[in-house]
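All remarks here apply to the structure that follows.
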There are 2 protein chains.
Amino acid sequence: MDRSDAPLYFQFFNEIGIIGQLSRTMLEAELPKGLLAPHFSILNHAVRVKDGQTPLALAKAFQVPKTTMTHSLGVLERHGLIELKPHPKDGRSKQVWITPAGRSLREGVVEATGPAFAAFAERFDPEVMQDVVPKLAEMRAFLDAARDED
Amino acid sequence: MDRSDAPLYFQFFNEIGIIGQLSRTMLEAELPKGLLAPHFSILNHAVRVKDGQTPLALAKAFQVPKTTMTHSLGVLERHGLIELKPHPKDGRSKQVWITPAGRSLREGVVEATGPAFAAFAERFDPEVMQDVVPKLAEMRAFLDAARDED
DNA sequence: ACTACTTAGTGCGATATTGAACTATATGCA
DNA sequence: TGCATATAGTTCAATATCGCACTAAGTAGT
């Protein structure tokens, strides 16, 4: 890396951080009281990616410590949005299943955030995203792998 | 936005969130105990962008509530890394100045994170970044503006 | 089967984040 | 000037995050 390129890389992580912060705040504006972005992400993951995951798998998927996941799952369970069942194959583990209430809440939030998404999509068309998103995915994969090496 | 494009936009914010999380964790691995990423960001901002800013300006720059900034500045001040002085023009306000200790700590962290940055730069060369970063900056600006409209 | 090691999840304490309410100061306007 | 309103920052309480230490359960080598 040439010395003069450093600010570019620095700005990259800076922009990433701010976009993350902004989108998080925008999402939370649409969530019912008592729920924050990480809670919603878990519900969303259950619907979009895979239901019945273990807490540890979720912690890895979201890159948070497992203690944080324990806490978040507790909140969702108290709200009746997920169910924690014993894992059928592993006595140490559990499975996280979304409840009908969880599904319905998630659906409502998706609808509520629709206009904001649409406005963003109007300004940045799919061609731009098709260019940028795969690169971000590569970068994410690279950083993820670098972390595992320690 | 065509219905089929939605996942692309969704994935964008997802990747952003995970990269943010990963880079934050990697940075914090190089910070002395008691300091976290937001603290470092403030020191870095003072060196790279502008010293002597008001707490509110910093809160806006980092997109956090001002109460969060009050807290973070308190931590930095207790560590002797910044100084809070009364604002010369506005009796309600303050100015945040980095101390020599703050500068030196920031310098050390920049050096410590050098190798990780270099590895990233080796994998993703400046051409890619020059393509991606301005787009991210535009998106950040768009989201920032959308937020102000409320 | 026994033992050593690994893995999944939890309890707890320290710190971070944030909204609501508050104080002090500044500004706009009659 | 005087008063209403706006702004900068803090305090406080509720919740989130996370490292450390722990328990329970699985796994591998003997």
Side-chain angles (χ1 to χ4, degrees), chain A residues 17-18 20-22 24-42 52-79 82-96 147-148 150, chain B residues 17-18 20-22 24-42 52-79 82-96 147-148 150:
Chain A
I18 294 177
Q21 183 85 27
L22 283 166
R24 180 187 156 118
T25 304
M26 291 168 81
L27 169 62
E28 287 178 353
E30 304 300 337
L31 290 177
K33 189 174 172 134
L35 285 194
L36 296 172
H39 306 129
F40 174 78
S41 302
I42 293 166
Q53 295 278 76
T54 68
L56 191 58
L58 291 171
K60 282 179 179 154
F62 293 108
Q63 307 291 346
V64 296
K66 56 187 181 171
T67 51
T68 303
M69 189 52 60
T70 297
H71 181 268
S72 300
L73 293 175
V75 171
L76 289 170
E77 193 181 31
R78 280 194 293 283
H79 280 79
I82 60 163
E83 252 187 325
L84 283 169
K85 299 188 179 178
H87 195 287
K89 301 273 184 69
D90 187 336
R92 296 166 303 178
S93 192
K94 298 185 173 175
Q95 284 184 324
V96 178
R147 183 187 51 104
D148 285 342
D150 302 338
Chain B
I18 294 177
Q21 183 85 24
L22 284 166
R24 180 187 156 116
T25 304
M26 291 168 81
L27 169 62
E28 287 178 353
E30 304 300 336
L31 290 177
K33 187 169 174 139
L35 284 194
L36 296 172
H39 306 131
F40 174 77
S41 302
I42 293 166
Q53 294 278 76
T54 69
L56 191 59
L58 291 171
K60 282 179 180 153
F62 293 109
Q63 307 292 346
V64 297
K66 56 187 181 171
T67 51
T68 304
M69 190 50 62
T70 297
H71 181 268
S72 299
L73 294 175
V75 171
L76 289 170
E77 193 180 30
R78 281 194 292 284
H79 280 79
I82 59 163
E83 251 186 326
L84 284 169
K85 299 189 179 177
H87 194 287
K89 302 272 185 68
D90 187 335
R92 296 167 302 179
S93 191
K94 297 186 174 175
Q95 282 183 324
V96 179
R147 185 187 49 104
D148 286 342
D150 302 338

Query raised in the report: What pair of heavy atoms forms the shortest contact from A:G34 to A:H79, and how long is it?
Result: O-CE1, 4.1 Å
**Report entry** Distance in angstrom units between B:L84 CG and D:dA8 C1', rounded
**Finding:** 13 Å
Query raised in the report: Is a side-chain donor or acceptor of A:Q21 paired with a backbone partner of B:Q63 at a separation under 3.5 angstrom?
Result: yes
Query - Nearest-Å distance for atom pair CG/C1', residues B:L36 and C:dA14 - result: 11 Å
Query - Whole-Å distance separating the CZ atom of A:R78 from the P atom of C:dT10 - result: 12 Å
Query raised in the report: Going from NZ on B:K60 to NZ on B:K66, what distance comes out if it is rounded to the nearest 0.5 angstrom?
Result: 9.0 Å
Report summary line: Under a 4.0 Å heavy-atom criterion, the protein footprint on nucleotides 23-28 of chain C, written with B, S and -, is -BBS--
**Report entry** Nearest-0.5 Å distance that lies between atom CG in A:L73 and atom CD1 in A:I42
**Finding:** 5.0 Å
Report summary line: Assign each of A:P55 and A:T25 the nucleotide of DNA chain C bearing its closest heavy atom; nearer the 5' end lies the nucleotide of A:P55
Query raised in the report: Any donor and acceptor pair, going by atom type alone, linking the side chain of B:E28 with main-chain N or O of B:A37 inside 3.5 Å?
Result: yes
Query raised in the report: About how many Å separate NE2 of B:H87 and CD of B:Q53, when rounded to the nearest 0.5 Å?
Result: 9.0 Å
**Report entry** From B:T70 atom OG1 to B:E77 atom CD, the distance as rounded to the nearest 0.5 Å
**Finding:** 11.5 Å
Requested in this report: List the steps and the verdict of side-chain contact (heavy atoms from CB on, under 4.5 Å) for A:L35 and A:V75.
Outcome: CA-CA 8 Å; A:L35 285 194; A:V75 171; 4.2 Å; yes
Query raised in the report: Between B:L56 (CG) and D:dG9 (C1'), how many Å, whole number?
Result: 9 Å
Report task. For A:Q21 and D:dA16, give me the distance from atom CD to atom C1', rounded to whole Å. Result -> 14 Å
Requested in this report: Assign each of B:G34 and A:T54 to its nearest nucleotide of DNA chain C by heavy atoms, then name whichever residue's nucleotide is nearer the 5' end.
Outcome: A:T54
Query raised in the report: Heavy atoms, side chains only, cut-off 4.5 Å: are B:V96 and B:T54 in contact?
Result: no
Tabulated below should be each protein N or O lying under 3.5 Å from an N or O of nucleotides 2-4 of chain C; please produce it.
none

**Report entry** Phosphate-side-chain proximity, B:H39 and C:dT15, N/O vs OP1/OP2 below 4.0 Å
**Finding:** no
Query raised in the report: Choosing from C:dA16, D:dG9, D:dC18, which nucleotide comes nearest the side chain of B:K94?
Result: D:dG9
Query raised in the report: For the pair made of CG in A:L27 and C1' in C:dT18, what is the distance, rounded to whole Å?
Result: 16 Å
Requested in this report: Could you identify which residues of residues 59-74 of chain A place a heavy atom less than 4.0 Å from some atom of DNA chain C, listed by residue number, or say none?
Outcome: A:K66, A:T67, A:T70
Report summary line: A:F40 CZ to D:dA16 P, in whole Å, measures 17 Å
Query raised in the report: B:H87 has an atom NE2; how far is it from atom P of D:dA8, in whole Å?
Result: 10 Å
Report summary line: CG of B:L36 to CG of B:L27, rounded to nearest 0.5 Å, is 9.5 Å
Query raised in the report: Which distance, rounded to the nearest 0.5 Å, do you find between the NE2 of A:H71 and the CG of A:L76?
Result: 10.5 Å
Report summary line: On a heavy-atom basis, the closest approach of B:M69 and B:P55 is CG-O, 3.4 Å
